[in-house]
Amino acid sequence: MAASSRTGLATPPIEENNAPSFDIVAHYTRFISSDPSITPAIAAIESLIASLSASSLTTISETLALLKTQSNTLLASQSNPIPLSAGTELLQRYIITVVQQQPTQLSGHDFSQLRRQLIANSKLFVSRTKSARSKIAKHALPFIRDQSTIFVYGSSRVIDAVLDHAAESRRYFNVVFISSLTSDPIHQSLKRLLSLGIPVATIPLPALSHAIDSLDRNNTSNVLFLLGAEAVLENGAAVSNIGSRLVASVAKTSAIPCYFAAESYKFTRQFPTSFGDADLQAMGAKQQVLKFRNDLDGEKMELQVDAENQGRGDGMVDITPPSLIGGLITENGVMTAEGVAEELIKLWF
Amino acid sequence: MAADLLLVPGLASFRASLPSWPVEKSIEHLISLFRRRQIRGPKPCALATAWLLRKVVSTTRATEPGKLILRVQDVGKKLVEAAPRELTVGNIVRRVLGAIREEEENREADTPLGSEPNSIPPTPAGELPTSFLPASAIAPARDDSPLGRPQNRPALLSQQTGGPERRPAVTSMFSIMAHPTMRGSAGGSSPIRSGSSTPSTVPQPPQNTDFRAEVLEAITEIVDELDQADEQVAGYALDHISSQETIFTYSTSPVVQRFLLKAASKRKFTLIQAESYPNSHKATHATVIGSKIPEGYEDLDTESFSKPLIAYGITVLLIPDSSIFALMSRANKVIISATGVLSNGSIVAAAGTKPLVTAARFHRVPVIVLAETYKLSPVVPYDPFDFVDYGDVQKVVPYQDREMQLGLQSVQNPVTDFVESEYVDMFVTNLGGVATGYMYRTIRDQYHDEDLEL
C-alpha cells in the first residue's frame with residue numbers, strides 16, 4: 001500500500017508492516033458482494049474490524065491510528081463514500097467513547113478485552129442490522145393504515161422490510177413503485193408484494209405528478225411516500241438514489257407526507273451547505289451529474305449511472321433537504337430532522 | 001350556586017366525591033365522566049387524572065415500585081381509553097409513572113445494595129444500557145431541572161464511578177455495537193431501572209412508606225404545576241408583546257387571556273380577536289366584554305376573567321371568522337393556544353386554527369403558540385385525523401331545522417384542528433420560549449421512554 005497520508009502524528013513503525021498484508025478494499029468488496037442484505041456502512045465496519053484482527057496492536061492510540069488510515073484508504077476507493085463514512089466514524093467514536101468511560105488505570109486491560117469482543121462479535125452486527133430493519137418496520141406500521149396508498153421509489157431493503165411487515169400484519173394497502181434508473185431490483189420487490197396479495201402499480205418517474213392526481217381519493221383515504229436513505233446528514237438531510245429529492249418535492253407540493261426510513265448507524269456528521277454536485281464532492285463522492293460538453297462525437301447523451309457499482313444497485317445519489325422530509329423512521333422510533341444533530345453530537349460529546 | 005355545581009356531574013362533583021368514595025368506585029366514576037364528556041378540555045382532564053392517580057397511589061397496597069408502576073399503568077390505560085382524544089390524560093399518567101421511576105432510581109442510588117443482577121427490560125430506544133435515556137443521562141448537566149420534578153437527585157455518577165464526574169450522554173446509535181457482556185464493563189453504574197426490579201434482598205419497610213409518600217409529594221407537585229402553569233406562561237408575556245403592536249388571536253382560552261392581561265397591565269397594544277363560530281363564539285364574546293364566566297370554566301380559578309382587556313384600555317376588535325384573511329395583514333403576530341402538542345411539534349388546536357395559520361403564513365405573520373407543559377404529549381401523529389374531535393351537531397344545524405338535517409347526508413361539527421409544526425414559529429411554555437425545531441427535545445425530556453406506550 002502507498003504510504004499513509006495522515007496528519008502530523010508520528011507514524012508507528014508497526015503500521016508499515018501491517019499495511020501490505022491487509023487489503024481493506026478487497027475485504028469490503030467481498031463483504032458487500034457476499035451478503036445481499038448488508039449495507040455499505042456495516043460492511044465498512046466489518047472491514048475495519050477485520051483489519052483490526054489482522055493486526056497485532058494492543059494500544060489504543062495505535063489502533064485508532066490504524067483505523068483512521070484504513071478508513072481513509074477505504075473511503076478514497078469508493079465513488080460514493082458517504083454511507084461508508086457513517087460506519088467508519090461510528091466505529092471509531094464508539095471505541096473512543098467506551099475507552100473514555102473506563103477508569104484510566106484499567107484501560108489497557110479492558111481495551112484488549114474490548115478488541116477481542118469487537119472481533120468476535122462482528123457477525124453480531126450483521127444480525128443486529130437485520131433486527132434494526134424489523135424494528136423500523138414496526139415503527140413504520142402505524143403509518144400504513146387500511147386503504148392507504150404508499151409510493152416508494154427505487155429499491156431499498158429497509159422499505160421492502162416495511163412493506164412486507166405491513167402486508168404480513170394484514171393491512172390492506174396499495175403500493176405504487178416509481179421506477180428509478182436501476183430497475184432490476186424492483187422486479188424482485190414487485191414479485192414479492194404481489195405474492196403477498198398487495199396490489200401494485202409501476203410508474204416511471206416523469207409520470208409521478210400525473211399519477212398523484214389520478215389517485216381515486218374515494219378508495220384511498222391515506223397517501224404517503226416512503227423512501228429509504230443511504231445516509232442521513234447532520235441537518236437531517238437524506239442521501240438517497242438520485243431522484244429521491246424530486247419525489248420528495250412533488251410530495252411536498254401535493255401536501256402528501258414523505259417519510260425516510262434509515263437505521264441510526266447511517267447518521268453521519270457531514271453538514272451540507274447546499275445540495276448539488278459540489279457539495280457531494282466536498283463530502284467525498286465522485287459524482288458529476290451536470291457536465292457540459294462542446295461536441296457530440298460518439299458520446300452518449302443521456303445520464304450514465306455509475307457503471308462500477310451498477311450490480312449493487314448503487315448509482316448516483318442526491319440529497320433531499322430536511323424541509324421536504326416529514327419524519328425519519330429509525331429503529332429507535334420516529335424522529336424529526338432536527339433530532340438527528342442531537343444523536344450525532346452525543347457521539348462526539 | 002356552588003351546591004348546584006356539585007350535583008351536576010363534572011369536575012367539581014368528582015373532586016367532592018373523591019375523599020369519601022372507595023378508590024375502585026372513583027376510578028369507574030372518572031371513566032364514566034370521561035366517556036360521557038362530562039369532563040372535557042385539557043386542564044380539567046389533567047386535574048381529574050392527577051387527583052385520581054394521587055388517590056390510587058395513596059390507597060394502593062403495592063409497596064414496591066414495580067408493582068406501583070403496574071397499578072398506575074393499569075388505571076392509566078383505562079383512563080386513556082375512556083378519553084382517547086384528551087391528550088393530557090395520557091400526559092399526566094406518564095408524568096406520574098416518571099415520578100415513580102425517578103423515586104425508584106433515587107432510592108437505589110441511596111441504598112448500598114443498589115445494583116441487582118436483573119435483566120434490563122427492553123426499551124424502545126434500544127436493547128442496551130448504552131442506549132441511555134437522554135433525559136437521565138443529560139440531567140446532571142442541567143441541575144436546575146425546572147420541570148417541577150423532585151430536585152433531590154443525588155450526584156449518582158460521581159459516587160459510583162472513579163471516572164469523570166459527568167458521564168457523556170450516550171447515543172442510541174451504539175445499539176448495534178454493544179455486546180451483552182460489555183454491559184458490566186461499559187461503566188456499569190446505575191443503569192435505568194424501569195420498574196421490573198425484583199424485590200431487594202434486604203427488607204426495607206420504613207423506606208417503602210417513605211417511597212409512597214415521596215411519590216404522593218411528586219404528584220402534588222404535578223397538581224400545583226397544573227394550577228400555576230397559566231401564570232408561568234403569562235410571565236413571559238412582556239417579552240413577546242411590545243407597545244403599539246397588533247396581536248391577532250382566535251377563540252378564547254384561559255392561558256391566552258392571562259397572557260394578554262399580563263401584557264396589558266404594562267403595554268398598550270391592539271387586539272384582533274376572531275370569534276370562532278360556532279363552538280366558542282359565545283365564550284369569546286363574554287371574555288371580550290367581561291360579562292360572564294365562559295361556560296366550561298366554572299370549575300377553575302376565574303380571577304383572570306373578572307377584568308376584560310378593555311378595562312385596561314386595550315382596543316379589541318372582535319371580528320367574524322370570515323374576516324380573518326382580510327385583517328391578517330394588519331397584525332404583527334398571532335398568539336394562540338394549543339390543546340395539545342405532539343412529538344414532532346405539530347399541534348392540536350381549536351377548529352379553525354388551520355385556516356388562521358394559513359392566512360398568517362400567506363401574510364408572513366409569525367405564529368406563537370402558548371402551551372403549558374402538561375399539554376406536551378410524546379404521541380407520534382401517525383394520522384392527523386385521529387386528533388380531530390367532534391362536537392355538538394346542534395351548533396351547526398339545530399334540531400329545529402329538521403328539514404335541513406334530513407336533506408343532508410351528514411352534519412359534522414369538528415371542534416379541533418391538526419396543524420403541522422411548520423406553521424408554528426415559536427412555542428411559549430412554562431419554561432419560556434421554545435423553537436419549533438427544539439420542541440421534540442422539550443417533550444422527550446418530560447417523560448421516560450418506557451412510558452411512551454401506555
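Note on naming: letters A, B, ... go to the chains in the order of the sequence lines (proteins, then strands), and numbering restarts at 1 for each one.
- A distance-only check finds a donor-acceptor pair linking the side chain of A:Arg145 to the backbone of B:Tyr382 [under 3.5 Å].
- To the nearest 0.5 angstrom, A:Ser221 atom OG is 8.0 Å from B:Asp383 atom CG.
- In this view, A:Leu141 and A:His165, A:Ala166, A:Ser169, A:Arg171 satisfy the side chain to side chain contact (heavy atoms under 4.5 Å, CB included) rule, not counting sequence neighbours.
- Around the CZ atom of B:Phe385, the shell of radius 6.0 Å holds no more than 12 heavy atoms that belong to other residues, nucleotides or ligands.
- Contacts between B:Glu422 and chain A at a heavy-atom distance below 4.5 Å involve the side chain alone, from C-beta outward.
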